[in-house]
Structures are given as structure tokens and as C-alpha cells.
Amino acid sequence: RDVSVYLQSQTQTLKTMSKSNIIEKVRKLMNLCNASSATQGEIENALMFAQRLMIKHNIDMVNIGINELDIEELKIEDECKSGESKTMFFSLLDVIARANNCRCVRSGCTGHYYYRIIGFYEDRTIVFDTFNKVLPVLRNLTKSRYLKSDRSIGRTTFVKSYQSGFISGLKTKLKADKAEFLKLEDGNAYQLIVVKKDNLIGNWITDKFKKIKTAKTGGSNLNGRAYSLGRQDGSQQTLANQIG
């Protein structure tokens with residue numbers, strides 16, 4: 001099934017449908033997001049189309065049955081490699097999660113951490129898939145940039161500095177991309193949907209966790225040159241080459 005073709009075939013039909021039928025159509029699009037056979041591109045297309053329908057027809061998430069009960073968590077085990085900072089792993093996941101209307105919480109104890117992606121199904125899926133594409137990119141760039149360096153910076157310092165810069169640059173890029181999207185005609189209405197999700201997720205986390213560990217980027221003992229190089233590489237990432 002090609003969701004893009006399906007969406008195109010429905011465009012003309014939607015113009016003459018009642019609001020109740022539009023709500024049902026949005027529900028079906030959300031079901032497509034939940035389908036195990038759907039690709040990441042199909043999920044993103046279906047989600048975007050559903051959000052635009054909600055904006056155009058003034059449909060609130062409550063109208064389509066999306067509420068705090070639909071929020072769940074996806075657990076990711078810690079997979080830091082030798083020499084990698086757990087802060088890097090957590091921070092990268094957190095930046096991607098927040099860019100996709102999710103939150104990331106670290107649990108466990110020293111030596112056995114795991115991470116919870118908290119949000120709606122379609123958003124969690126995008127976060128999980130994107131993180132698993134971006135992490136190898138960051139690791140490969142870290143290795144290649146260090147090998148091409150003049151080795152005047154110790155490996156541990158270079159890796160920490162470069163990866164902190166990369167995550168900072170990626171965060172800035174994702175924020176800029178979202179700001180650009182919000183300049184569109186329906187941007188303000190879309191922002192209301194994002195705020196609604198944030199509120200629901202915030203309440204869910206508050207009810208479940210007494211204390212959460214938040215991610216931090218940067219830190220002390222960073223090398224400026226390596227950090228700047230990483231920030232430059234991170235700020236040049238796009239969704240296309242993150243998931244390509």
C-alpha cells in the first residue's frame with residue numbers, strides 16, 4: 001500500500017465531506033500510522049495529512065479520540081560503545097524526541113541505564129527510526145573527523161567535544177526547520193496541536209514519575225575547535241540525510 005497515492009486519491013472527496021466524516025477520515029489516517037507494515041515515509045505523510053485536516057476543519061484531538069490514554073512509552077536500552085559518553089547518547093535521543101513532540105526520560109542505575117521515549121505512537125515511531133539512523137551517522141562522522149584531525153587533541157576530548165557540538169548544531173537545525181514550517185498559513189493552528197500534545201505528555205510524566213533525569217548537552221573540558229566542527233556538521237543535517 002502506498003499511503004501517498006491513497007492521500008492523493010482522497011483530496012477531492014474530502015472537499016464535500018461533513019465534519020463527522022472528516023473526523024472518521026482522520027481516525028483512519030491515525031490507524032495507518034499505527035500499521036506495522038507502514039514505512040517511516042508513509043507514517044510521516046499520513047500524520048501530516050491528518051494534522052492539516054484537523055487544522056482546516058477546526059478539529060481538536062479530543063474529537064478524534066486522542067487523549068492522555070493514548071500516550072505510552074517506548075523503551076530503548078543503553079547501547080553506548082567503549083569511549084562514548086552516556087550523556088551523548090541521552091542528549092541525542094532527547095533532541096530528536098523533543099523535535100517530534102515526545103519526551104525522553106532516563107531510568108535505571110549506574111551500569112544499566114535505559115531510556116523511555118514518551119509520546120503518541122506515530123511520534124514515538126518517528127523518533128525511534130530517526131535516532132537509529134542518526135546515531136550511526138554521528139559515530140561515523142566522529143571517527144572520520146578524528147582521523148583527519150592533526151591529533152593535537154586527545155581522542156577522548158575530541159570525541160566528547162565533537163559529539164556535543166554535533167548535537168547542539170542538530171538541535172538548532174531542527175528548531176529552525178520547525179520555525180520555518182510555522183510560517184506557513186496554518187502554522188499557528190499546528191502550534192496549538194503541538195502545545196496540546198506537550199501538555200498531555202507533561203501531565204502524564206508528572207503523574208508517573210516523581211523525579212526525572214533530564215538530558216544535558218555540552219559541559220566542561222570541551223575543545224573549541226572540535227566542538228565547532230561538530231556543531232557545523234550537526235547544523236547541516238536534514239531529515240533526508242538523517243534517514244537516507
Side-chain angles (χ1 to χ4, degrees), residues 39-41 44 74-118 123-180 212-244:
T39 66
Q40 182 174 346
E44 291 174 351
L74 175 64
K75 184 185 294 187
I76 295 181
E77 295 292 336
D78 181 87
E79 296 180 358
C80 281
K81 294 185 177 180
S82 176
E84 287 185 343
S85 166
K86 293 186 182 298
T87 298
M88 178 280 293
F89 194 91
F90 189 13
S91 296
L92 178 63
L93 184 56
D94 184 68
V95 164
I96 295 173
R98 290 180 181 274
N100 290 281
N101 308 316
C102 291
R103 295 280 296 278
C104 179
V105 174
R106 187 175 74 179
S107 301
C109 57
T110 302
H112 185 68
Y113 287 117
Y114 58 90
Y115 309 87
R116 305 170 189 260
I117 302 172
I118 300 169
D123 296 329
R124 297 197 317 270
T125 300
I126 293 173
V127 172
F128 179 78
D129 290 343
T130 302
F131 176 75
N132 283 324
K133 300 292 184 178
V134 176
L135 182 59
V137 170
L138 174 55
R139 284 170 168 163
N140 289 335
L141 281 173
T142 301
K143 181 178 180 179
S144 64
R145 291 303 193 194
Y146 177 70
L147 291 176
K148 292 178 181 179
S149 71
D150 59 12
R151 308 297 178 88
S152 61
I153 308 170
R155 184 180 183 280
T156 300
T157 300
F158 181 94
V159 170
K160 180 180 179 180
S161 302
Y162 176 85
Q163 292 183 340
S164 294
F166 182 97
I167 294 169
S168 177
L170 178 63
K171 180 179 180 179
T172 299
K173 179 62 166 57
L174 292 175
K175 282 187 174 181
D177 288 345
K178 180 171 288 188
E180 190 66 26
I212 63 174
K213 299 175 181 178
T214 57
K216 297 180 181 180
T217 56
S220 58
N221 301 320
L222 297 182
N223 177 270
R225 284 188 292 133
Y227 181 90
S228 296
L229 180 60
R231 184 174 174 81
Q232 178 181 341
D233 286 345
S235 65
Q236 293 176 350
Q237 298 300 305
T238 63
L239 183 62
N241 60 35
Q242 286 169 28
I243 66 176

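These values consider heavy atoms only, across backbone and side chains, with no hydrogens, waters or symmetry-generated copies. We number each residue from 1, following the sequence as shown.
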- Item | Verdict with supporting geometry, L93 and V127, side chain to side chain contact (heavy atoms under 4.5 Å, CB included) | CA-CA 8 Å; L93 184 56; V127 172; 4.1 Å; yes

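- Going from atom SG of C102 over to atom CG of L74 covers 9.0 Å, rounded to the nearest 0.5 Å.
- Distance check, rounded to the nearest 0.5 Å: CG of N223 to OG of S228 gives 8.5 Å.
- Every side-chain contact (heavy atoms from CB on, under 4.5 Å) that S152 has, sequence neighbours left out, goes to D150, R225.
- S235 places a side-chain N or O within 3.5 Å of a backbone atom of Q232 that can act as its donor or acceptor partner.
- When every heavy atom of T157 is checked against every heavy atom of N221, the shortest pair comes out as CG2-O, 3.9 Å.
- Using cut-offs of 30° and 60° for the angle between ring planes, the F89 and F131 rings count as perpendicular.
- Across all non-hydrogen atoms, the minimal contact from A99 to L174 is CB-CD1, 3.6 Å.
- Distance CG/N100 to CD1/I126: 5.5 Å, rounded to 0.5 Å.
- Taking the side chain as every heavy atom from C-beta outward, D129 and K133 never approach each other to under 4.5 Å.
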- What's the verdict on side chain to side chain contact (heavy atoms under 4.5 Å, CB included) for F158 and R145, showing C-alpha distance, side-chain angles and the deciding distance? CA-CA 9 Å; F158 181 94; R145 291 303 193 194; 3.8 Å; yes

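- Between the side chains of D233 and Y162, at least one donor N or O lies within less than 3.5 Å of an accepting N or O.
- Formation of a donor-acceptor pair under 3.5 Å by the T142 side chain with backbone atoms of L138 is found in this model.
- With rounding to the nearest 0.5 Å, the separation of CZ in R103 from CZ in R124 is 15.0 Å.
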- Before giving the answer on side chain to side chain contact (heavy atoms under 4.5 Å, CB included), spell out for D94 and I167 the whole-Å C-alpha distance, their side-chain angles and the decisive distance to 0.1 Å. CA-CA 10 Å; D94 184 68; I167 294 169; over 6 Å; no

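- Counting only distance, with no hydrogens or angles, the side chain of N140 and the backbone of P136 share a donor-acceptor pair below 3.5 Å.
- By the 4.0 Å N-to-carboxylate-O rule, D177 lies close enough to K173 to be salt-bridged with it.
- Going from atom CD1 of I76 over to atom SG of C104 covers 7.0 Å, rounded to the nearest 0.5 Å.
- Side-chain atoms of S149 come within 3.5 Å of backbone atoms of Y146 as a donor-acceptor pair (strictly under, hydrogens ignored).
- Here the side chains of L92 and Q163 are not in contact, with every heavy-atom distance at 4.5 Å or above.
- For the atom pair Q237 CD and T130 OG1, the distance stands at 12.0 Å (nearest 0.5 Å).
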